[in-house]
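This report concerns only the one structure given below.
Heavy atoms only: backbone and side chains are in, while hydrogens, waters and symmetry mates are out.
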Amino acid sequence: MSPMVHDLHLSPNAMRRSRFFSQLLLLMLLVTVPAVAQEEATPTFEEEVSVGYVLVPLVVRSGAGYADRLDEDDFRLLVDGKPVKVDSFERRADAPASVVFLQDLSGSMEGTSLQASQQAVQFFLDRSLKGDEFAIATFASDAGQVEVPYTAEMSVLRESVANWKAWGTTALHDAVAWVPNISAEGRNPKRFAVLITDGIDNASKFTPEKAREIVRQAQLPVYVIGLGTGNPYELSDTGDKIYRYADVLNLLASVSGGRYYAISNLEDLQEALVAIHNDLRHQYVLGFATGEGKSRLRDVKVEVKSGDRTVLFRRGYKGPPPASSKGG
């Protein structure tokens with residue numbers, strides 16, 4: 001894809017974000033490698049998917065650590081308030097994972113923000129386990145592409161990351177709505193997505209609400225690394241509504257069972273990467289089959305039967321009711 005030139009004048013808020021990352025520019029060491037051929041892909045933004053089996057990834061925290069020795073019987077799964085029989089259960093910390101990186105390559109990411117993004121992806125590649133697979137998708141203006149489909153070939157992934165260039169405007173919400181299409185290709189029960197962005201959206205056709213509704217179809221948590229998005233006064237005007245970037249990103253992560261991290265400096269970034277990686281390796285996955293009935297958005301809730309625990313889980317899916325519960 002040829003770079004396109006758009007209006008990239010820096011606002012005062014953008015200048016503050018640049019200062020946030022001045023120390024990153026001094027501390028990062030990036031390796032330059034030859035460019036890799038890129039595969040073009042067009043988002044289809046499917047709003048309805050055929051759901052025959054639902055996976056519910058979740059993380060259970062206990063105090064400052066993780067509750068990583070729970071069994072299937074320790075969980076209670078509910079859909080629309082009704083108990084559901086769990087058909088499959090995964091808890092191994094060394095189980096392989098499918099990870100998709102959704103990278104903002106818009107012009108506002110140029111400089112230290114883009115370098116921070118490259119460091120973030122390299123962090124996960126450096127810590128991959130046998131059986132892990134990664135996909136890389138990028139977006140800028142109204143274009144999105146899967147640069148690398150799911151693969152375990154580290155050299156191909158690293159070449160793609162090293163070749164990133166910032167350009168164009170930002171259609172963040174459109175890109176978020178694309179996640180279910182990408183994640184469907186993952187082969188491992190353990191899955192999650194990492195969205196790396198500065199949070200600015202100035203080109204989307206989708207509203208934040210619509211993007212969240214679509215991403216709830218994806219059977220994976222979305223972890224959001226918000227570069228410089230912690231400024232409480234920085235707003236996004238979508239015409240009829242005004243949003244605070246941090247609130248939009250936080251809600252997106254929450255409904256999917258992931259977490260949002262506002263990054264202001266190198267220490268924030270390092271802490272976020274370690275926390276996300278720990279969540280990945282301590283992730284449980286519950287699964288159940290769907291039956292006959294109306295396809296609609298359904299609420300999901302996971303409870304741990306005993307102890308004072310904090311549970312992160314996807315909040316819903318769009319499809320027919322579970323096969324083991326009544327009603328539709």
Side-chain angles (χ1 to χ4, degrees), residues 17 20-31 57-61 64-66 68 93-105 109 111-138 147-148 150 152 154 157-158 160-162 164 166 172 176 179 183 186 188 190-199 220-230 245-246 249-250 252-254 256-283 310 312:
R17 281 194 302 275
F20 282 153
F21 293 101
S22 59
Q23 60 177 299
L24 291 180
L25 183 61
L26 297 175
L27 296 175
M28 290 181 189
L29 177 63
L30 299 176
V31 179
L58 58 101
V59 174
V60 183
R61 291 190 176 87
Y66 291 85
D68 55 4
D94 61 347
S98 297
V99 182
V100 55
F101 298 103
L102 185 59
Q103 175 64 44
D104 182 352
L105 289 186
M109 292 287 292
T112 51
S113 291
L114 187 59
Q115 293 177 0
S117 302
Q118 292 169 311
Q119 184 190 41
V121 177
Q122 297 286 8
F123 176 93
F124 291 101
L125 299 183
D126 289 344
R127 289 157 180 79
S128 63
L129 299 179
K130 182 178 180 180
D132 286 349
E133 59 178 5
F134 302 89
I136 296 176
T138 60
E147 293 193 3
V148 183
Y150 277 111
M154 294 295 110
L157 293 160
R158 295 183 194 279
S160 176
V161 172
W164 283 346
L172 172 62
V176 166
V179 169
S183 66
N188 296 314
K190 273 190 174 182
R191 302 179 188 180
F192 79 138
V194 178
L195 167 63
I196 309 176
T197 179
D198 60 8
L220 80 169
V222 178
Y223 285 82
V224 181
I225 297 178
L227 301 175
T229 59
Y245 294 136
L249 297 175
N250 188 35
L252 165 65
S254 177
S256 71
R259 301 183 77 188
Y260 159 67
Y261 295 90
I263 308 301
S264 298
N265 51 52
L266 178 61
E267 289 71 26
D268 287 348
L269 180 62
Q270 292 175 332
E271 290 176 4
L273 295 177
V274 171
I276 295 171
H277 185 263
N278 286 340
D279 274 12
L280 170 65
R281 294 309 173 194
H282 291 90
Q283 187 184 82
T310 300
L312 296 179

| request: Dump the intermediate steps for side-chain contact (heavy atoms from CB on, under 4.5 Å) on D104 and L227, then the final yes or no. | output: CA-CA 10 Å; D104 182 352; L227 301 175; over 6 Å; no
| message | Please verify the inter-ring angle class for F134 with F101; under 30° counts as parallel, over 60° as perpendicular, anything in between as tilted. | response | parallel
| request: Mind telling me whether F192 and Y223 have parallel, tilted or perpendicular rings, with 30° and 60° as the class edges? | output: perpendicular
| said: So, using salt bridge (Lys or Arg N to Asp or Glu O under 4.0 Å) as the criterion, who are the partners of R259 when residues are at least two apart? | reply: none
| request: Say whether, by atom type as modelled, one donor and one acceptor occur between the side chain of R127 and the main chain of H277 under 3.5 angstrom. | output: no
| request: Evaluate side-chain contact (heavy atoms from CB on, under 4.5 Å) for F123 paired with L269, printing each intermediate quantity in order. | output: CA-CA 11 Å; F123 176 93; L269 180 62; over 6 Å; no
| task | Kindly write out the residues that satisfy salt bridge (Lys or Arg N to Asp or Glu O under 4.0 Å) with D268, not counting sequence neighbours, or none if the list is empty. | result | none
| task | Examine the side chains of Y66 and N278 and answer whether a donor and an acceptor come within less than 3.5 Å of each other. | result | no
| message | For the CG atom of L273 and the CG atom of D126, what is their distance to the nearest 0.5 Å? | response | 11.0 Å
| message | Looking at S98 and N188, would you say the former's side chain and the latter's main chain have a donor-acceptor pair under 3.5 Å? | response | yes
| query | Can you check whether F124's main-chain N or O pairs, donor with acceptor, with S128's side chain at less than 3.5 Å? | reply | no
| query | Roughly how far apart are I225 CD1 and S117 OG, rounded to 0.5 Å? | reply | 8.0 Å
| task | Could you tell me whether K190 and D94 make a salt bridge, using a distance below 4.0 angstrom between a side-chain N and a carboxylate O? | result | no
